[in-house]
There are 2 protein chains.
Amino acid sequence: MRSVESSGRARRRLVTLVKEALRDLNIQLSLLNRQVGARVELRDVDFDCLEVLNRHGPLSPTALARRAGLHPATMTGVLDRLQRGGWVARERSPESGDRRAVTVRVLRERNAELFRLLSGMNTAMDGICADYTDEQLAVVADFLNRTAQAGTQATTDLATGRSPGTPG
Amino acid sequence: MRSVESSGRARRRLVTLVKEALRDLNIQLSLLNRQVGARVELRDVDFDCLEVLNRHGPLSPTALARRAGLHPATMTGVLDRLQRGGWVARERSPESGDRRAVTVRVLRERNAELFRLLSGMNTAMDGICADYTDEQLAVVADFLNRTAQAGTQATTDLATGRSPGTPG
DNA sequence: ATCATCTAATATGGTTCTCGTATTAGACGA
DNA sequence: TCGTCTAATACGAGAACCATATTAGATGAT
């Protein structure tokens with residue numbers, strides 16, 4: 001890649017616009033998450049954990065806590081609430097070899113409710129996407145994926161106290 | 001606009017990819033926010049309020065509470081913490097006409113610290129942006145802005161209990 | 001002017017959440 | 001067999017959330 005077309009003032013302004021838009025989007029999605037969570041009696045942190053589980057499959061409480069940047073004891077409370085609400089199930093899989101291990105699995109049925117609450121946003125996104133060509137959508141998807149990747153990196157860098165860019 | 005180029009299975013798949021990438025980005029940014037907040041002793045909700053203030057100028061506590069979907073009494077606690085940490089200042093502006101009114105203003109100096117914590121993400125974004133043409137960046141910025149807009153709409157729809165799309 | 005009513009911001013207190021520490025159960029190497 | 005490690009959870013002190021009450025001030029009707 002590296003198809004730098006221009007690098008003057010206009011270019012920098014364009015990059016700034018993208019970053020500002022991203023920041024706006026970030027905060028707006030946070031507020032949306034909170035609103036959705038409030039509708040189904042989920043704390044911020046519960047909602048985030050549920051989303052992580054939805055995307056990254058069944059996880060152990062410890063692994064989930066690490067990913068979400070939470071204290072293990074906090075995770076116990078989170079899972080208690082999620083389980084009480086019917087969002088997830090704690091499973092002790094006998095075939096896992098380690099009898100201490102617990103895996104947390106989302107319950108498909110209850111999670112459909114989230115989908116319903118987000119249906120408005122979903123159809124809005126369909127409408128927005130309809131205005132772009134296939135090539136443009138591909139660019140957008142690529143950008144979003146790479147940005148999410150950068151977010152993961154920045155998050156772990158902060159969590160491990162490593163300054164950004166430090167190798168190994 | 002409405003430049004629908006294709007509308008078959010491949011197209012739907014592309015749209016799905018975009019939406020999934022957006023969802024990933026959403027959750028990843030949430031986790032990043034939490035991690036950044038943790039570094040400066042800010043709760044989730046404090047961080048969000050601070051960001052709203054950073055973007056949407058000085059606001060009254062009540063207006064901020066409405067925008068963030070929080071109870072006014074909760075906002076008092078949030079502002080107490082933000083003020084104690086030196087992030088914001090409560091001002092009673094005598095020229096505002098209403099002597100009950102308080103306006104909350106972010107303190108530039110302290111907020112530079114957030115900027116520093118996000119510097120890793122910032123330079124990563126510069127690197128990502130460098131890989132796109134001006135036209136592509138314009139498309140991305142447009143997409144992000146429109147998505148943020150849709151997020152705002154979905155948030156207020158949920159907050160007001162109005163089903164999405166219901167007129168006036 | 002006076003009073004009822006409205007809103008802004010905050011105080012109060014009961015319930016809930018967070019997280020450092022301790023505990024229990026089990027894995028694993030020496 | 002023992003010491004050490006990890007997974008998950010229990011416990012409790014401190015903090016946060018928010019329904020409600022309170023104080024101060026605006027606004028409108030009579």
Side-chain angles (χ1 to χ4, degrees), chain A residues 30-31 33-50 52-53 58-85 87-105 159, chain B residues 30-31 33-50 52-53 58-85 87-105 159:
Chain A
S30 286
L31 299 185
N33 287 350
R34 177 162 304 120
Q35 205 63 243
V36 170
R39 282 304 188 97
V40 286
E41 307 258 81
L42 286 179
R43 320 266 134 249
D44 264 12
V45 76
D46 301 4
F47 185 88
D48 283 353
C49 290
L50 192 55
V52 170
L53 285 171
L59 283 173
S60 75
T62 306
L64 182 53
R66 264 198 282 268
R67 208 182 261 272
L70 293 175
H71 193 282
T74 305
M75 188 52 68
T76 297
V78 170
L79 293 179
D80 285 350
R81 286 193 297 275
L82 287 178
Q83 191 169 36
R84 204 165 51 230
W87 299 101
V88 305
R90 275 190 255 230
E91 299 176 351
R92 304 200 98 99
S93 46
E95 77 275 6
S96 87
D98 191 332
R99 271 183 300 176
R100 298 166 302 175
V102 168
T103 60
V104 183
R105 187 181 309 276
Chain B
S30 286
L31 299 185
N33 287 350
R34 194 186 319 286
Q35 204 63 241
V36 170
R39 283 303 188 96
V40 286
E41 308 259 80
L42 286 179
R43 320 268 133 244
D44 260 11
V45 75
D46 301 3
F47 185 88
D48 283 353
C49 290
L50 193 54
V52 170
L53 285 170
L59 282 173
S60 76
T62 307
L64 181 54
R66 264 199 280 268
R67 208 182 262 270
L70 294 174
H71 193 282
T74 305
M75 187 53 68
T76 297
V78 170
L79 293 179
D80 285 350
R81 287 193 297 275
L82 288 178
Q83 190 169 35
R84 203 165 51 230
W87 299 100
V88 305
R90 274 190 254 230
E91 299 175 350
R92 305 199 96 99
S93 45
E95 76 276 6
S96 87
D98 192 331
R99 271 183 300 176
R100 298 167 303 175
V102 168
T103 61
V104 183
R105 186 181 308 276

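Letters A, B, ... are given to chains in the order of the sequence lines, protein chains preceding strands, and every chain is numbered from 1. Note: hydrogens, waters and symmetry copies are ignored here, and every other heavy atom, side chains too, is used.
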Worksheet entry | Set of residues satisfying side-chain contact (heavy atoms from CB on, under 4.5 Å) with respect to Ala63(A), sequence neighbours excluded | Leu59(A), Ser60(A)
Discussion item. Please enumerate all residues that pass side chain to side chain donor-acceptor pair (under 3.5 Å) together with Arg81(B), with sequence neighbours excluded.
Written reply: Asp46(B)
Ignoring hydrogens and angles, write down the donor-acceptor pairs under 3.5 Å from the side chains of residues 67-75 of chain B, residues two or more places apart or on other chains.
from     : atom 1 : to       : atom 2 : distance (Å)
His71(B) : ND1    : Ala73(B) : N      : 3.0

Quick test: give all pairs of protein nitrogen or oxygen and nucleotides 18-22 of chain D nitrogen or oxygen below 3.5 Å, distance rounded to 0.1 Å.
from    : atom 1 : to       : atom 2 : distance (Å)
dC18(D) : OP2    : Thr74(B) : OG1    : 2.9
dA19(D) : OP2    : His71(B) : NE2    : 3.0

Discussion item. Within the 4.0 Å heavy-atom criterion, would you say Arg92(B) contacts the bases, only the backbone, or no part of the nucleic acid?
Written reply: nothing
Discussion item. Which residues pass the salt bridge (charged side-chain N to carboxylate O under 4.0 Å, His left out) test with Arg66(B), not counting sequence neighbours?
Written reply: none
Worksheet item: Partners of Arg92(A) by salt bridge (charged side-chain N to carboxylate O under 4.0 Å, His left out), sequence neighbours excluded?
Response: none
Item to complete: Would you please name every residue forming a side-chain contact (heavy atoms from CB on, under 4.5 Å) with Ala101(B), sequence neighbours left out?
Response: Ser96(B), Asp98(B)
Practice prompt. Check every strand shown and say whether Thr62(B) touches a base, only sugar-phosphate, or nothing at a heavy-atom separation below 4.0 Å.
Written response: sugar-phosphate
Practice prompt. Determine, for nucleotides 23-30 of chain C in 5'-to-3' order, which nucleotides have protein heavy atoms under 4.0 Å from the base (write B), from only the sugar-phosphate (write S), or from neither (write -).
Written response: --BBS---
Item to complete: To the nearest 10°, let me know how far the axis at one end of the helix from dA1(C)-dT30(D) to dA30(C)-dT1(D) is tilted from the axis at the other, five pairs an end.
Response: 10°
Item to complete: Check salt bridge (charged side-chain N to carboxylate O under 4.0 Å, His left out) between Arg99(B) and all other residues, then give those that pass, not counting sequence neighbours.
Response: none
